[in-house]
Amino acid sequence: MDTLSYKTISANKATVNKEWVVIDASGQTLGRMASKVAKLLRGKYKPSYTPHVDCGDNVIIINADKVVLTGNKWNDRVYLRYTGYPGGQREATPASVLEKGADRLVLKVVKGMLPKNRLGAALLKNLHVYAGNEHNHEAQQPKTIDINSLK
């Protein structure tokens with residue numbers, strides 16, 4: 001009996017195949033897009049997915065300033081943070097975060113969907129968000145994918 005034919009293959013840093021993909025965020029719902037981006041960053045769409053390894057793709061998001069929130073979430077949703085000082089609780093709405101920078105809103109939402117450890121911090125470095133239609137990663141020859149075709 002060949003015992004090597006049914007061994008589980010575990011990916012590592014040397015055997016992982018990372019690609020560059022571009023996602024157009026214009027007209028996309030923020031949370032639905034972010035959950036698919038988090039899965040892409042994590043590598044869950046690949047058959048060689050390994051939970052403790054960075055086996056996901058490098059993701060470039062363009063037109064981040066054109067994301068959509070349904071209902072009145074632009075002003076009703078509240079993001080809380082704490083400065084560390086007494087009375088230092090700060091709150092922000094998605095509209096106010098978008099004013100400071102369109103990339104901040106998408107980064108914040110995707111970061112919340114990644115693991116809260118060193119692997120999650122490393123995965124977040126593979127995400128590049130741009131407010132406009134231009135990005136500076138042409139040398140990597142990224143593929144444009146339709147986020148709606150992913151499950």
Side-chain angles (χ1 to χ4, degrees), residues 6-82 89-151:
Y6 56 87
K7 295 285 184 182
T8 302
I9 298 171
S10 182
N12 58 27
K13 192 185 288 187
T15 62
V16 106
N17 184 18
K18 295 178 78 72
E19 297 176 352
W20 285 80
V21 296
V22 175
I23 294 172
D24 188 5
S26 58
Q28 298 290 328
T29 306
L30 180 62
R32 292 175 189 269
M33 180 197 67
S35 64
K36 292 177 183 178
V37 168
K39 280 175 134 179
L40 277 170
L41 289 170
R42 196 82 202 273
K44 288 195 167 190
Y45 289 112
K46 295 184 177 184
S48 61
Y49 168 70
T50 308
H52 63 280
V53 177
D54 177 8
C55 54
D57 295 332
N58 294 296
V59 179
I60 303 164
I61 298 178
I62 58 174
N63 294 321
D65 54 345
K66 297 184 177 97
V67 293
V68 176
L69 286 175
T70 59
N72 201 21
K73 292 179 191 151
W74 283 112
N75 298 315
D76 288 349
R77 177 164 287 167
V78 176
Y79 298 130
L80 295 175
R81 64 185 176 87
Y82 181 61
Q89 183 172 336
R90 304 288 187 253
E91 60 181 40
T93 62
S96 65
V97 175
L98 190 70
E99 286 175 8
K100 291 181 181 177
D103 56 335
R104 291 185 183 195
L105 182 63
V106 176
L107 277 171
K108 177 176 182 42
V109 174
V110 172
K111 181 181 179 180
M113 298 182 184
L114 291 175
K116 278 64 171 178
N117 53 24
R118 278 184 269 170
L119 176 63
L123 292 173
L124 196 62
K125 291 179 183 175
N126 296 331
L127 177 64
H128 308 277
V129 184
Y130 297 96
N133 208 7
E134 302 293 322
H135 62 86
N136 55 4
H137 299 282
E138 295 299 330
Q140 284 76 23
Q141 299 170 346
K143 295 187 300 186
T144 303
I145 62 169
D146 181 24
I147 197 78
N148 297 325
S149 64
L150 300 174
K151 292 190 178 187

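A search for side-chain contact (heavy atoms from CB on, under 4.5 Å) contacts involving Asp54 returns Lys18, Leu119, Leu123, Asn126, not counting sequence neighbours. Not counting sequence neighbours, the partners of Ser35 by the side-chain contact (heavy atoms from CB on, under 4.5 Å) test are Met113.
Side chain of Ser48 to main chain of Ala11: no donor-acceptor pair is present (N/O by atom type, distance under 3.5 Å, no hydrogens or angles). One N or O on the side chain of Arg42 and one on the backbone of Pro51 form a donor-acceptor pair closer than 3.5 Å.
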Show me the donor-acceptor pairs, under 3.5 Å and distance only, between side chains in residues 139-151 and residues at least two apart or in other chains.
{"unit_1": "Lys143", "atom_1": "NZ", "unit_2": "Glu19", "atom_2": "OE1", "d": "3.1"}
{"unit_1": "Asp146", "atom_1": "OD1", "unit_2": "Asn148", "atom_2": "N", "d": "3.4"}
{"unit_1": "Ser149", "atom_1": "OG", "unit_2": "Asp146", "atom_2": "O", "d": "2.6"}

Contacts table for residues 96-108: side-chain donor-acceptor under 3.5 angstrom, sequence neighbours left out:
{"unit_1": "Ser96", "atom_1": "OG", "unit_2": "Thr93", "atom_2": "N", "d": "3.0"}
{"unit_1": "Ser96", "atom_1": "OG", "unit_2": "Thr93", "atom_2": "O", "d": "2.8"}
{"unit_1": "Ser96", "atom_1": "OG", "unit_2": "Thr93", "atom_2": "OG1", "d": "3.4"}

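Considering every non-hydrogen atom in both Cys55 and Thr50, the closest pair reads SG-N, 3.6 Å. When all heavy atoms are compared, the tightest approach of Asp57 to Leu41 is O-CD2, 3.6 Å.
To the nearest 0.5 Å, the span separating CD1 on Ile23 from CD on Gln28 amounts to 8.5 Å. Atom CG of residue Asp24 and atom CG of residue Asn63 lie 4.5 Å apart, to the nearest 0.5 angstrom.
Within the structure, ring pair (Phe, Tyr, Trp, His ring centres under 6.0 Å) pairs that include any residue of residues 15-38 comprise Trp20-His128, Trp20-His137 (at least two apart or interchain). Note on residues 26-68: no pairs pass ring pair (Phe, Tyr, Trp, His ring centres under 6.0 Å), not counting sequence neighbours.
Heavy-atom contacts from other residues, nucleotides or ligands closer than 6.0 Å to NZ of Lys111 number 12 or fewer. Atom CG of Leu80 sits in a crowded spot, with more than 12 heavy atoms from other residues, nucleotides or ligands closer than 6.0 Å.
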